[in-house]
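Each residue takes its place number in the sequence, starting with 1. Excluded from the calculations below are hydrogen atoms, water molecules and symmetry mates; all remaining heavy atoms, backbone and side chain alike, are included.
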Amino acid sequence: MTWFKGETDDKEKIVTVSPPPEPLTPRLQATPGLWEEAQEFSKMLSYCRPNGSRTESKFINKYIRPAGVTFDKRGNMYKKIGDSPVMWSCHTDTVHSKQGFQKIEYWVNAKSGDTFLGVAQGDKSSCLGADDTTGIWLMLEMIKRNVPGLYIFHRAEEVGGLGSKWIAANNAAVFKDIKFAIAFDRKDTESIITYQRGTRCCSDEFAKSLAAELGMKHKCDEGGSFTDTASYVDLIAECTNVSTGYYNAHCASEHTNIDYLFQLRDALCKIDVTKLVEKRKPGENTRKWGNYTYKNNNSSRWSDNYDMWRDYFMEDCPKGGKTFDELTALYPKSGWSDHYVYDTVSGFWLPRPNNKKDLGVTKIAPARSVTDEKGTRYSSYNDAIKLIKNNPGIIADLLEYQGYGSLEIKDHVNTYGGIVD
């Protein structure tokens with residue numbers, strides 16, 4: 001593999017490229033200017049930008065502020081070009097565990113010929129940050145080409161969508177005459193999201209019309225988790241999220257397809273928004289399912305297999321079960337975990353029996369964790385801790401799907417499970 005040298009905080013910021021041996025030379029090198037654009041994109045990826053970090057501020061000042069954006073009180077950034085009814089969306093923070101800079105390498109997929117970027121081997125960075133550097137790059141490229149629309153660079157998406165929630169509550173007037181909210185914050189290369197967290201965010205008709213305009217074989221995807229456009233479903237008719245070519249978000253193996261990214265850029269710059277279909281009405285937030293559960297499908301990435309684990313619906317509350325709000329009302333400080341255990345199938349908290357081999361309250365099936373000789377499922381605190389330690393990337397994706405950010409998790413732990421530094 002060959003690496004783009006990442007930027008550093010204390011010396012000249014230079015990116016160097018040593019081309020790989022034939023036949024793995026990137027296709028992008030054959031087109032004048034594209035390889036230079038790839039190098040510039042790699043510079044952007046070298047910034048590790050946890051929410052509110054110094055590196056995030058440096059990134060914003062270098063790349064986004066020069067685009068002529070305006071800021072609101074929460075730090076969100078806006079740029080308006082023309083009178084298009086489309087709002088384009090991305091977010092500036094990443095889930096890096098530490099701020100600073102990282103080295104970026106590239107490699108060519110021998111089968112497809114596409115070029116991918118990832119964190120350089122040996123670098124201890126926790127993730128690449130293509131979520132959502134890809135979205136930022138796309139929007140900056142569109143601004144350079146004067147593509148009409150309202151551009152919003154959101155803050156604090158990775159810690160609970162705080163920037164977009166602030167806009168929805170305090171600056172909704174900015175969406176006057178906006179019919180379509182299109183985010184660039186989705187994994188893979190095929191998705192146009194129609195549901196976020198199980199709730200309808202845009203119509204299939206709109207998604208199909210957008211796919212037709214892009215001409216890249218995108219499909220309707222009901223398995224969306226959360227991005228900032230979910231904050232606007234009561235304000236804007238059609239809210240979606242489009243694949244930007246990254247994989248394995250939120251972990252060290254994250255990587256992104258820059259051939260796809262450049263193709264998407266070119267398609268977006270030619271889009272005819274007058275051909276987009278508006279059918280959903282703001283506030284039509286119908287639900288397709290109530291609870292996601294994981295079904296073992298021999299996949300290392302459950303988030304890549306929504307159809308496999310989205311096959312159980314939330315059941316009615318079992319006898320003796322409690323919702324989380326009811327539970328914390330009974331135990332406002334702590335101690336509820338000694339009396340109740342969470343059932344991932346029904347989505348409720350069930351009384352914890354003295355004898356773990358006999359739940360005795362309701363049938364819980366099919367079994368998905370520890371089972372006794374009768375096939376009854378139970379779990380313990382130690383089981384959960386082991387699961388989290390062994391699958392940090394999966395747990396991070398699950399929490400993101402539920403809409404929880406790191407600050408919310410910290411507050412919850414401090415309230416119910418002790419103090420976190």
Would you say R280's side chain and V233's backbone share a donor-acceptor pair under 3.5 angstrom?
-> yes
Side-chain donor or acceptor of Y260 paired with backbone N/O of S243 under 3.5 Å = yes
Qualifying residues under salt bridge (Lys or Arg N to Asp or Glu O under 4.0 Å), relative to R145, sequence neighbours excluded | E141
For K279, salt bridge (Lys or Arg N to Asp or Glu O under 4.0 Å) partners two or more places apart | E205
Would you be so kind as to tabulate the donor-acceptor pairs closer than 3.5 Å made by side chains of residues 172-180, with sequence neighbours excluded?
none

Taken to the nearest 0.5 Å, the spacing of L34 CG from I258 CD1 works out to 9.0 Å
May I ask you to decide if G163's main-chain N or O and E157's side chain share a donor-acceptor pair within less than 3.5 Å?
-> no
Check V119 against Q102 and note the closest heavy-atom contact, atom names and distance.
-> CG2-OE1, 3.9 Å
Close aromatic pair by centroid cut-off 6.0 Å: F101 and Y47 = yes
Could I get the full list of salt bridge (Lys or Arg N to Asp or Glu O under 4.0 Å) partners for R155, not counting sequence neighbours?
-> E56
With S126, which residues qualify under side chain to side chain contact (heavy atoms under 4.5 Å, CB included), at least two apart?
-> H96, S97
If you measure from CD1 on I182 to CH2 on W88, what distance do you get to the nearest 0.5 Å?
-> 4.0 Å
P32 to A30 - nearest heavy-atom pair and separation = CD-O, 3.7 Å
Given the options D131, T227, N51, T133, H91 meets side-chain hydrogen bond (donor to acceptor under 3.5 Å, both in side chains) only with D131
Distance-minimising heavy-atom pair for T256 and A130 = CB-CB, 3.8 Å
Check: W166 main-chain N/O paired with N170 side-chain donor or acceptor under 3.5 Å | yes
For K275, side chain to side chain contact (heavy atoms under 4.5 Å, CB included) partners two or more places apart | E213, D272
State whether the side chain of N241 and the backbone N or O of D185 hold a donor-acceptor pair below 3.5 Å, judged by distance alone.
-> yes
Under 3.5 Å, is there a donor-acceptor pair between the side chain of S125 and the main chain of C127?
-> yes
Does D93 use its side chain to pair, donor to acceptor, with the backbone of E158 at less than 3.5 Å?
-> yes
Going by the salt bridge (Lys or Arg N to Asp or Glu O under 4.0 Å) test, which pairs reach into residues 230-239, not counting sequence neighbours?
-> none
In chain order, what residues pass the salt bridge (Lys or Arg N to Asp or Glu O under 4.0 Å) check against D204, with sequence neighbours excluded?
-> R200
Rounded distance [0.5 Å steps], CZ in F153 versus CE in M77 | 7.5 Å
Count the heavy atoms belonging to other residues, nucleotides or ligands that lie under 6.0 Å from CG of N61, then report whether that count exceeds 12.
-> yes
Minimal heavy-atom distance between Y195 and T286, with the atoms involved, is CE2-O, 3.9 Å
Which residue pairs pass the ring pair (Phe, Tyr, Trp, His ring centres under 6.0 Å) test when at least one of the two sits in residues 120-146, sequence neighbours left out?
-> F41-W137, W137-F262
Any chance you could measure L128, atom CG, to H255, atom NE2, to the nearest 0.5 Å?
-> 9.5 Å
dist K281:NZ -> I236:CD1 (nearest 0.5 Å) comes out at 14.5 Å
Residues which pass side chain to side chain contact (heavy atoms under 4.5 Å, CB included) with S231, listed by chain and number, not counting sequence neighbours | S164, K165, F226
Does S191 use its side chain to pair, donor to acceptor, with the backbone of I193 at less than 3.5 Å?
-> no
Would you give the length of the straight line joining atom OH of Y246 to atom CZ of F116, rounded to the nearest 0.5 angstrom?
-> 15.0 Å
Shortest non-hydrogen contact from Q99 to S53?
-> OE1-CB, 3.5 Å
For L264 and T244, the nearest pair of non-hydrogen atoms, with its separation, is CD2-CA, 4.3 Å
Is it true that a side-chain atom of T94 and a backbone atom of R49 form a donor plus acceptor pair closer than 3.5 Å?
-> yes
Is a side-chain donor or acceptor of S89 paired with a backbone partner of A183 at a separation under 3.5 angstrom?
-> no
Applying salt bridge (Lys or Arg N to Asp or Glu O under 4.0 Å), which residue pairs with at least one partner in residues 113-124 are found, sequence neighbours left out?
-> R27-D114
Side chain to side chain contact (heavy atoms under 4.5 Å, CB included) involving A207 - partner list, sequence neighbours excluded | I192, T194, C202, C220
Do Q196 and T229 have side-chain N/O donor and acceptor atoms under 3.5 Å apart?
-> yes
